[in-house]
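Excluded from the calculations below are hydrogen atoms, water molecules and symmetry mates; all remaining heavy atoms, backbone and side chain alike, are included. Labels below follow one simple rule: chain letters A, B, ... track the order of the sequence lines, proteins then strands, and each chain is numbered from 1.
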2 protein chains.
Amino acid sequence: MSEATRRERLRAETEREIRASARELLVREGREAVTLRAIARELGITAPALYRYYDSREALLVALCQDICADLAADLRAAIDRVGQDQPAERVFAACWGFRRWALAHPHEFALVFARPSAGEPAPTGHELGRDEFGRAFLEVVLPLFVSARIWVPADDTVPTELHDDLLRFREMLAETLGGSSPARELSIGAIFLMLQSWARLYGHVALEVFGQLDFAVSSSEPLFESMLAGLAEEVGLTPSMH
Amino acid sequence: MSEATRRERLRAETEREIRASARELLVREGREAVTLRAIARELGITAPALYRYYDSREALLVALCQDICADLAADLRAAIDRVGQDQPAERVFAACWGFRRWALAHPHEFALVFARPSAGEPAPTGHELGRDEFGRAFLEVVLPLFVSARIWVPADDTVPTELHDDLLRFREMLAETLGGSSPARELSIGAIFLMLQSWARLYGHVALEVFGQLDFAVSSSEPLFESMLAGLAEEVGLTPSMH
DNA sequence: CGTTCGTGTGAACGGTGTTTACGGAGTTCG
DNA sequence: CGAACTCCGTAAACACCGTTCACACGAACG
């Protein structure tokens, strides 16, 4: 059946158990509670045994990030696919709502993946990889709108010239990681610019809500998010497709 | 001279030293590095002695939050006052730039104050108090624009009705904490709504930058921030006052 | 069969937050 | 002045943490 030897299967199995246990601790009590000894206790082994699977606690957390991103990506894809392919605008809304819903339902995971203060040092390698899985899900549903003329894309000469090089480099990176079949290369500079600004607004609002920075003002921040999303959609001329 | 006895002066002095030491550790190495024993070491005392001043490490961190907010508020006020009172729009810009600059220069402090994942439990009491000192500085410079007709405030009937009660309650709270002299009571529902949405965009973009969630795309996110701010200003009709 | 390799253990080191009992210095009051 | 009291700091201890190391045991391989 599987190419893997018995040993390899066992190893993969406990590896999964470790991450599952770590995940549960993270969800229930936050980052500081995911402890090697706590994980080992739950698995019925001792803490040093975990070093056979991960180089350090930090490495385990990085692996956790990837798991989380994969789950988030799957969650997002499911939400998106609940909308028909013939409604590209609604699919984007589904992605945005899905992201917000997931973040609010998993605050500690959100904080781990999307809010480590990057004090200078470059993000760990594995982190980027995991992030891409989430980014890919988002881009797949968003890209079609940005390359087609379905929304109002700002003219290239309205984006700050200091950004041109960065944006072109970013487009190249996108095209590479998304594969040749994606239309990433057709993105105009204005389109990439708009994408980043939209991402900033979406992420920003979600972070604001997850971190409770609106609690002092409103009891439910959902209407604010809804307004923000509607405003953004209107601003870019994203209208529901009549079916 | 001072009402305080000798004992009280000494106590206040070491209290300051404790927080200063904690602050330095936070700035240099992040939240996890601010350790009771490390602080004690630097002060030449032992760790349990710190319990004479703070009930726990967590309580000390809360006190740190207040210090940080006070410093941020002072920083903001200084930036604002570098602009003349006759240029209210420019003062708002100065506040926004100041907030971003401070956040990027103090990522760990920003994370501590503005990005603790609020997993259900209400924010600690002291935290809110500290936050207010920052909020007050911001509001003082922003309120005049929102009560006057200097910007385009959305009509009250365009804000979601579910928010009305919350917004009115929030206005009441503002009027209370800002004192009777402030024009907070004159805010329309649309104005409060616009304030919150603008705060969301500002905070959101800053958090995005501090947490390096744009690094994968651009080498410098400053032009993006500048565009966002300019877009926001244009949207609300905030134009520089001709002098 | 013997050997190697993978996986786990137990002990240990240095670090952490926190509690406890205790001592000594400063303050207050008879 | 001297006694009583309050405050500040200490040392020891507890339970926990990440991490390293030497060692053992069983499965896999030649």
Side-chain angles (χ1 to χ4, degrees), chain A residues 1-26 28-65 108 112 116 121 124 126, chain B residues 1-26 28-65 108 112 116 121 124 126:
Chain A
M1 186 50 92
S2 63
E3 269 297 326
T5 73
R6 181 179 131 84
R7 269 243 258 259
E8 279 165 340
R9 266 185 294 113
L10 283 181
R11 181 180 178 84
E13 176 60 24
T14 54
E15 214 161 327
R16 259 192 307 276
E17 284 178 21
I18 291 173
R19 289 192 306 223
S21 171
R23 186 75 167 277
E24 197 186 318
L25 287 165
L26 175 66
R28 265 214 317 258
E29 310 177 54
R31 164 174 188 152
E32 315 217 327
V34 33
T35 277
L36 294 189
R37 290 191 147 95
I39 297 169
R41 225 168 315 169
E42 202 161 341
L43 298 203
I45 60 178
T46 61
L50 295 174
Y51 282 81
R52 300 291 176 193
Y53 298 87
Y54 297 95
D55 286 343
S56 68
R57 182 183 111 113
E58 206 53 39
L60 202 170
L61 285 175
V62 169
L64 252 197
C65 278
H108 289 129
L112 180 64
R116 38 169 77 245
E121 79 275 20
Chain B
M1 183 64 69
S2 63
E3 268 299 323
T5 72
R6 181 180 131 85
R7 266 244 259 259
E8 279 165 339
R9 266 185 295 111
L10 283 181
R11 181 180 177 85
E13 177 59 25
T14 54
E15 216 161 324
R16 258 194 307 276
E17 284 179 20
I18 291 174
R19 288 193 306 223
S21 171
R23 185 74 167 278
E24 196 186 319
L25 288 165
L26 174 66
R28 265 213 319 255
E29 310 176 55
R31 163 173 187 150
E32 315 218 328
V34 31
T35 277
L36 294 188
R37 289 191 147 93
I39 297 169
R41 223 169 305 156
E42 202 160 340
L43 298 204
I45 60 178
T46 61
L50 296 174
Y51 282 81
R52 301 289 177 194
Y53 300 88
Y54 298 97
D55 285 342
S56 68
R57 182 183 111 113
E58 206 53 39
L60 201 170
L61 285 176
V62 169
L64 253 197
C65 278
H108 288 129
L112 180 64
R116 40 170 75 240
E121 79 274 19

May I ask you to evaluate whether B:Thr46 reaches the phosphate of D:dG9, defined as a side-chain N or O under 4.0 Å from OP1 or OP2? no

Which nucleotide wins on minimum distance to the side chain of A:Ala49, given the candidates D:dG18, C:dT18, C:dT9? C:dT9

Between CZ of A:Arg9 and P of D:dA27 the distance, given in whole Å, is 14 Å

Compare all side-chain heavy atoms of A:Leu61 with those of A:Val34 and state whether any distance is below 4.5 angstrom. yes

Atom CG of A:Leu50 and atom C1' of D:dT20 are separated, to the nearest Å, by 14 Å

Choosing from D:dT20, C:dT18, C:dG17, which nucleotide comes nearest the side chain of B:Ser56? C:dT18

Separation of atom CD1 in A:Ile18 from atom C1' in D:dG18, rounded to whole Å: 15 Å

Distance, nearest 0.5 Å, that separates OG1 of A:Thr46 from CZ of A:Arg41: 12.0 Å

Return the value, rounded to whole Å, for the distance between atom CD of B:Glu32 and atom P of C:dG17. 11 Å

Does any donor-acceptor pair link the side chain of B:Arg37 with the base of C:dG15 at a separation under 3.5 Å? no

Starting from the 5' end of DNA chain D, give me the residue, A:Asp55 or A:Ala38, whose nearest nucleotide shows up first. A:Ala38

Residue pair A:Arg52/B:Ala47 against DNA chain C: nearer the 5' end by closest nucleotide is A:Arg52

Does A:Arg11 have a side-chain nitrogen or oxygen under 4.0 Å from the phosphate oxygens OP1 or OP2 of C:dC5? no

N-O pairing of B:Arg19 and B:Glu42 below 4.0 Å: no

Do B:Glu8 and B:Arg11 sit within salt-bridge range, that is, some charged N less than 4.0 Å from a carboxylate O? no

Give one of base, sugar-phosphate or nothing for A:Arg57, where a contact means two heavy atoms less than 4.0 Å apart. sugar-phosphate

Report the distance from atom CG of B:Leu60 to atom P of C:dT18, rounded to the nearest whole Å. 10 Å

Base, sugar-phosphate, or nothing: which does B:Tyr53 touch, judged by heavy atoms less than 4.0 Å apart? sugar-phosphate

Interatomic distance, A:Leu36 CG vs D:dT19 C1' [rounded to whole Å]: 9 Å

Rounded to whole Å, CG of A:Leu25 lies from P of D:dC16 at a distance of 15 Å

Taking OH from B:Tyr54 and P from C:dG17, how many angstroms apart are they, rounded to a whole number? 15 Å

Output for pair (B:Ile18 CD1, B:Glu13 CD), nearest 0.5 Å, gives 10.5 Å

